[in-house]
Amino acid sequence: MTETETGLSRAWPPGGGMMGEQIRAHDWAGTPLGPATAWEPSLRTAIELCLSSAFPGFVFWGDDLVQFYNDAAIPLMRDRHPAALGRPLREFRRDALEALQPLAERVMQRGETVFQVDFAFPGHPTDAEEELFTFSCGPLRDAAGRVAGMTATVIETTQHVRIEAGLRESRRRLRSLIEGIPQLVWRSARAGHWTWCSPQWTAHTGLTEVESLGAGWLAALHPEDREAAMAAWRRADAGEDFEAEYRIRSAGEDRYCWFQTRATPLRDEKGRTLEWLGTSTDVDELRGMEQRQRLLLAELQHRVRNTLGVIRSIIRRTVQASGSIEDLSLHLDGRINAFARVQAAVARDPTAGLDLAQLIADELLAHAAREGEQVVIEGPLVQLQPKAAETLGLAIHELTTNAVKYGALSASEGKIKVTWQVERRTGSPQLVLSWQESGVPGGAATTRRRGFGTELLERTLPYDLQAEVRQVFGAGGLHCTITLPFSDRVAIGGTPAAAT
């Protein structure tokens, strides 16, 4: 049976950079795997996904863990590249295999997915230290459903961990230095009874030294923090270190700022505490950064979960609507690329939103449409929220794909006009987007197969964005109108000046 009869391209794998070329040039017929045309579809798919990834990726197949890898993984292979391609792992890194064996057994024997952070491998012979990697391994199954291999995404973290360790040591030394530098400095007897304060304290709080002595310093603290400060003193008098964080009023800015306060006991020759010497260090900005970091991390985690959910949905629905592998590959690649274009734009500035005009233009240009000749795009400035841009981007992709197959982009005289405006209907602004095709010989096809695109327009848009979608298949081509509430959920910056 020929490659054409099996549905496999002679240029397999498609693309794949340097490693793709080496896989295509390799004489697989002389290996235990046999010619690539006889390989399990799951193995071929895993290799294609691996080669297309920008992250270092590996594919291992069979009991011997015959290995494949992509261009991004070449630096990790060092002098083992290119000889390691298509060879069992044990022939090149027996020490690494021993470290990996327990994890490989979990994947190969139990079908588990394994995730490891900063996993230690024996170092390369030229290095004295271990190498650290963060990776995820998952099972690959053959046509019978048996685990026949595994796929892995690997990132070396050795330098990152070393840098982090160095930063922690630097912070420790810096903290020690700061604790010895007078900031807001004071002296106190037991129970927080101050006996002296520095000019820095007076300048910051506006309290004189006389006003601050005894328990007078508590007047500079936020009322909600005074009990916490006194509780720290009770612990210190019981033998613990004095350490507390509380808000101290800034007279110059007329606001409260967070300070970290520490005190060291001065003792006599018998170990009895004579007094405490303390400093208060401004940590207000640091606390704000930590709060912002937590918010950013939470947002990142939320977006990652949403992104994975959308991709799973795209894959599932595309599989359900595809009649062949070729159909699946074509549509899945296009939809994920459309989604990726939106994600790339979001990543550049998550707070700025996505320009609706640019989103539409990018999708049409990706399908070789000629703006000004075949396509007209008109409308006021609308900056979409990321989630709305994801859904609308997929909708524009489906309309564009249909235009390429059946509509204006399939005809030499075909044209597409995309316009939008913000209208006020019953008091609430509505974003109205019009997709108008013309010049389609015989008019728009009304018997198009219902699949992912139809579900997206008729169900997903109404569910996610409360949109109303109307499609009219006229004599000149398709006219699709999408109307959705122009709210903060959809756009950034409110109603544009062009709203009517």
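What's counted below: heavy atoms across the whole structure, side chains too, no hydrogens, waters or symmetry copies. As the structure is a computational prediction, the values presented were derived from the model and not from experiment.
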Could you check whether any side-chain N or O of [X] sits under 3.5 Å from a backbone N or O of [Y], counting only pairs where one atom can act as donor and the other as acceptor?
{"X": "Glu363", "Y": "Gly393", "value": "no"}
{"X": "Thr31", "Y": "Trp28", "value": "yes"}
{"X": "Asp118", "Y": "Leu132", "value": "no"}
{"X": "Arg489", "Y": "Leu465", "value": "no"}
{"X": "Asn70", "Y": "Ala72", "value": "yes"}
{"X": "Trp276", "Y": "Trp194", "value": "no"}

Gln200-Ser198 side chain donor-acceptor pair, cut-off 3.5 Å: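 Indeed, the side chains of Gln200 and Ser198 share at least one donor-acceptor pair under 3.5 Å.
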Test item: side-chain donor near acceptor, Glu209 and Trp201, under 3.5 Å: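 Not at all, the side chains of Glu209 and Trp201 share no donor-acceptor pair under 3.5 Å.
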Note, Leu140 side chain near Phe60 side chain (heavy atom, < 4.5 Å):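 The answer is no, as the side chains (C-beta and beyond) never meet within the 4.5 Å cut-off.
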Closest non-hydrogen atom pair, Trp258 against Asp282: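 Looking at all heavy atoms of both residues, the closest pair is O-OD1, 3.4 Å.
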Partners passing salt bridge (Lys or Arg N to Asp or Glu O under 4.0 Å) against Asp142 (at least two apart in sequence or in another chain):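 Salt bridge (Lys or Arg N to Asp or Glu O under 4.0 Å) check on Asp142 returns Arg146.
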Which residues share a side chain to side chain donor-acceptor pair (under 3.5 Å) with Gln22, sequence neighbours left out: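 Gln22: no side chain to side chain donor-acceptor pair (under 3.5 Å) contacts found.
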